[in-house]
Amino acid sequence: QNSASGFSRKKVRISFREWSQDGIEATEIASFPFIEPLFLGSNGLTGVFQLTNEKKKRFVEVGIQEEQAWITYGPQFKIGKSVSGLIAGTVGHFQGAPWAGPYFSLSAPVSKNVTFSTFHWPGAFPWEPRDWKNDGVDNPERLLKGYIGGAQVDVGPVGISYSVQEFLDDPWNELPGISYTANLRGNFSIKGSATWNNNADRWMLYVGLTWKPYR
């Protein structure tokens, strides 16, 4: 990941020194989807590691999965006292193909127990990932691109979402879903979700365990 992110070893050391001086906070140590995470429609065990720096409002996420990995880095921001957002850059690989793109998210409370959030995540590839390269179909696109974005309303522990996905020469895909998050002992929580994949005409299931050392 160091070479993909374009950081030299010296720059990485400086970055971590700055973070330790400003007060680093691990906000989400691990999230493990056991059955088919939504991102790019791949499946398998996934680990996600998130860090935030409250003083300089920076965010880092590293994700590792059987067929893909990614790193996201960028500044967090506030609009007023309650609306929070993130603008970041992302690099990664999927089935042997590197990709890069921006990431944007926004979250706003609607009432005491209701929150609205939205995210947008486009990316581009220099060549097609393995399954698309070997599908026997020529991709007519000049720019090999992908996009996933959507919105979610959380009412307490229940989330109702609607996303759309456009990936390479696949048709646009509508992805409505529902999720439930339950707090466990300590700083652990478990989340389950079901998302309807319109292109595949089937449900995609997700089960994730998260540990947050700070609350």
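Quick caveat, the model's predicted, so the values are computed rather than measured.
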Would you mind reporting whether [Y] and [X] have side-chain heavy atoms less than 4.5 Å apart?
X	Y	answer
Lys57	Lys78	no
Phe94	Phe167	yes
Ser161	Leu175	no
Leu184	Leu209	yes
Gln165	Asn199	no
Pro129	Gln68	no
Trp132	Asp170	yes
Tyr147	Val164	yes

Distance-only donor-acceptor pairs under 3.5 Å for side chains of residues 104-119, two or more places apart:
unit_1	atom_1	unit_2	atom_2	d
Thr118	OG1	His120	NE2	3.2
Thr118	OG1	Gly150	O	2.8

Checklist entry - Hey, any chance Val158 and Ile190 share a hydrophobic cluster, counting ILVMFWY side chains that come within less than 4.5 Å of each other, even indirectly? => result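 No: no chain of side-chain contacts under 4.5 Å links Val158 to Ile190.
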Next on the checklist: Please tell me whether Phe188 and Val207 are part of a single hydrophobic cluster in this structure, the criterion being side-chain heavy atoms less than 4.5 Å apart.
Outcome noted: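 Yes, same cluster.
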Checklist entry - Does Trp196 have any ring pair (Phe, Tyr, Trp, His ring centres under 6.0 Å) partners at least two apart in sequence or in another chain, and if so, which? => result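 Per chain and number, Trp196 pairs via ring pair (Phe, Tyr, Trp, His ring centres under 6.0 Å) with Trp203.
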Checklist entry - With no hydrogens and no angle check, is any side-chain donor or acceptor of Asn197 less than 3.5 Å from a backbone partner on Arg202? => result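 Side chain of Asn197 to backbone of Arg202: no pair is present.
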Checklist entry - Sequence neighbours excluded, which residues qualify as salt bridge (charged side-chain N to carboxylate O under 4.0 Å, His left out) partners of Lys133? => result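 Scan of Lys133 (salt bridge (charged side-chain N to carboxylate O under 4.0 Å, His left out), adjacent residues dropped) gives none.
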Item to check | side chain to side chain donor-acceptor pair (under 3.5 Å) involving Asp131 - partner list, sequence neighbours excluded | outcome: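 Asp131: side chain to side chain donor-acceptor pair (under 3.5 Å) contacts with Gln95.
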Item to check | Qualifying side chain to side chain donor-acceptor pair (under 3.5 Å) pairs with a residue from residues 80-90, counting only residues at least two apart or across chains | outcome: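 Residue pairs passing side chain to side chain donor-acceptor pair (under 3.5 Å), neighbours aside: Thr72-Thr90.
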Item to check | Derivation of the side chain to side chain contact (heavy atoms under 4.5 Å, CB included) call for Tyr206 and Thr195 | outcome: CA-CA 8 Å; Tyr206 166 103; Thr195 302; over 6 Å; no
Looking only at heavy atoms, which two atoms of [X] and [Y] are closest? And how far apart?
X	Y	value
Asp169	Pro140	CB-CD, 4.4 Å
Ala97	Phe125	CB-CD2, 3.7 Å
Arg58	Gln76	O-OE1, 4.0 Å
Pro122	Pro102	CD-O, 3.3 Å

Item to check | Separation between CD1 of Ile71 and CZ of Phe49, rounded to the nearest 0.5 Å | outcome: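 If we round to the nearest 0.5 Å, Ile71:CD1 and Phe49:CZ are 10.5 Å apart.
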Checklist entry - Which value, rounded to the nearest 0.5 Å, describes the distance between Phe59 atom CZ and Thr52 atom OG1? => result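 So the CZ of Phe59 and the OG1 of Thr52 are separated by 8.0 Å.
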Item to check | CA sep, side-chain torsions, deciding dist, call: Trp70, Glu61, side-chain hydrogen bond (donor to acceptor under 3.5 Å, both in side chains) | outcome: CA-CA 8 Å; Trp70 68 92; Glu61 177 181 273; 2.9 Å; yes
Checklist entry - What pairs meet the salt bridge (Lys or Arg N to Asp or Glu O under 4.0 Å) rule with one or both residues in residues 145-163, with sequence neighbours excluded? => result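 As it turns out, the salt bridge (Lys or Arg N to Asp or Glu O under 4.0 Å) pairs with a partner in residues 145-163, which skip direct neighbours, are Glu141-Lys145.
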Item to check | Over 12 non-hydrogen atoms of neighbours within 6.0 angstrom of CG in Asn134 | outcome: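 Yes, the 6.0 Å shell around CG holds more than 12 heavy atoms from other groups.
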